[in-house]
2 protein chains.
Amino acid sequence: MKLSVRGEYALRAMQVLASDYQEDDSVVRIQEISETQNIPKRFLEQILNDLKSAGVVQSKRGVAGGYRLKRNPNQITLAEIIRHIEGPLAPVSCVSEKYYEKCSCPDESRCAIRAVMKELRDSIVHVMEATTLADLAERSRALEQQPLNPHDFMI
Amino acid sequence: MKLSVRGEYALRAMQVLASDYQEDDSVVRIQEISETQNIPKRFLEQILNDLKSAGVVQSKRGVAGGYRLKRNPNQITLAEIIRHIEGPLAPVSCVSEKYYEKCSCPDESRCAIRAVMKELRDSIVHVMEATTLADLAERSRALEQQPLNPHDFMI
DNA sequence: GTAAACTCTATCGAACAAGTCAAGAATATG
DNA sequence: CATATTCTTGACTTGTTCGATAGAGTTTAC
């Protein structure tokens, strides 16, 4: 049920771009993201490139180059990012809406596990579609202004 | 966000044992599970063995041998099975209750992504802890009695 | 005692994940 | 125009996991 490191990096990078998003053409360098987020630069290059082909970000080359979101952060959901980087959100592909594949069980239409997995899928998709990069940026701003919460050290 | 095939097989096998569960010592042969569920027999052996060390099932050797649940199906949740076979249910380990690990982000306590992942974790855990093998067996019985639903062919 | 079943350990190939590298193309700036 | 800076592209490495197979051993019903 885990997100890959790749997917996690993608979300972190997109959050940076979202927080930096402005209507003009300002871009953020890979290196800057890499340094502030502790993400290996070469690896991040790949990820941003994927997201470029996916139409999530756009890039500008050369000295003052870098990356920026292609659309307004409130138009980009976490679901979209993860689907591009990781594939289906569904825990098993026989309940995936976008990447459906038949499974090996004897009768899919009467499979109780499948019914439960459908519920699970729905709740995962619900969270991921409901959250946009704009939400993320806003929450991030809110968290930055709060003092450190000692509770967070006690997980 | 996917379940491994191993985890899926584990759930399917446990569902069989749950449907067959009786208070006496009756067991189900590996081969029978393997055949009805289309699971490679040798592979299933490994999985059942894991679940035996985990205390979920018990085995009986010899001619009339096989496997059975060690506890009543209503005492075994899907969460328990998956945790033993796959590890953490949490999408990232920095929000896992049972397998917490620090992540590489600059400030975990103020990480907006982490906050969202926590919500996601909670909804996943909620579904998986709420569902027991007894629930699964019951739903399975209910589904078997229904006629085929044409809607299921239109996913 | 023997055949049927599980037990345990080892191994395998393929795929995938995470990360690295190098050579190339575009561009702002002096 | 030269150059340093930055993205681009694609290949490559290294380690791990996944799914599966194999074989020798153990237990038990009959």
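Naming: A, B, ... by sequence-line order, numbering from 1 per chain.
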Side chain proximity check, [X] to [Y], heavy atoms < 4.5 angstrom:
{"X": "A:Arg68", "Y": "A:Leu17", "answer": "no"}
{"X": "A:Asp135", "Y": "A:Asn74", "answer": "no"}
{"X": "B:Leu133", "Y": "B:Leu78", "answer": "yes"}
{"X": "A:Asp107", "Y": "A:Cys105", "answer": "no"}
{"X": "A:Tyr67", "Y": "A:Lys60", "answer": "no"}
{"X": "A:Leu120", "Y": "A:Val116", "answer": "no"}
{"X": "B:Val95", "Y": "B:Val92", "answer": "yes"}

Look at the side-chain N and O atoms of B:Tyr9 and state whether any lies under 4.0 Å from the OP1 or OP2 oxygen of D:dA20.
->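 True: B:Tyr9 side-chain N/O within range (under 4.0 Å) of D:dA20 OP1/OP2.
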Regarding the side chain of A:Val5, the nearest nucleotide among C:dC6, D:dC7, C:dG19 is C:dG19
A correct 5'-to-3' footprint of nucleotides 25-30 of chain C, with B, S and - meaning base, sugar-phosphate only and no protein heavy atom under 4.0 Å, is BBBB--
For [X] and [N], what is the distance between atoms [atom1] and [atom2] respectively, to the nearest whole Å?
{"X": "A:Met1", "N": "D:dT17", "atom1": "CE", "atom2": "P", "value": "19 Å"}
{"X": "B:Glu8", "N": "D:dG19", "atom1": "CD", "atom2": "C1'", "value": "13 Å"}
{"X": "A:Lys2", "N": "D:dT17", "atom1": "NZ", "atom2": "C1'", "value": "14 Å"}
{"X": "A:Glu86", "N": "C:dA17", "atom1": "CD", "atom2": "P", "value": "8 Å"}
{"X": "B:Tyr67", "N": "C:dA4", "atom1": "OH", "atom2": "P", "value": "19 Å"}
{"X": "B:Ile85", "N": "D:dC18", "atom1": "CD1", "atom2": "P", "value": "11 Å"}
{"X": "B:Arg68", "N": "C:dC6", "atom1": "CZ", "atom2": "P", "value": "15 Å"}
{"X": "A:Asp50", "N": "D:dT8", "atom1": "CG", "atom2": "P", "value": "12 Å"}

Note: for A:Asn49 and B:Ser4 on DNA chain D, the residue whose nearest nucleotide lies more 5' is A:Asn49
By the 4.0 Å heavy-atom rule, please label A:Leu48 as base, sugar-phosphate, or nothing.
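No contact.
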- Heavy atom of residues 33-46 of chain A under 4.0 Å from DNA chain D: which residues?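 Hits under 4.0 Å, by residue number: A:Glu45, A:Gln46.
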- request: Go through the side-chain N and O atoms of A:Thr132 and A:Gln75 and say whether any donor and acceptor fall under 3.5 Å apart.
  value: no
Only one of A:Arg12, A:Gln37, A:Glu8 passes side-chain hydrogen bond (donor to acceptor under 3.5 Å, both in side chains) with B:Ser104; say which it is.
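Looking at A:Arg12, A:Gln37, A:Glu8, the match for B:Ser104 under the side-chain hydrogen bond (donor to acceptor under 3.5 Å, both in side chains) is A:Arg12.
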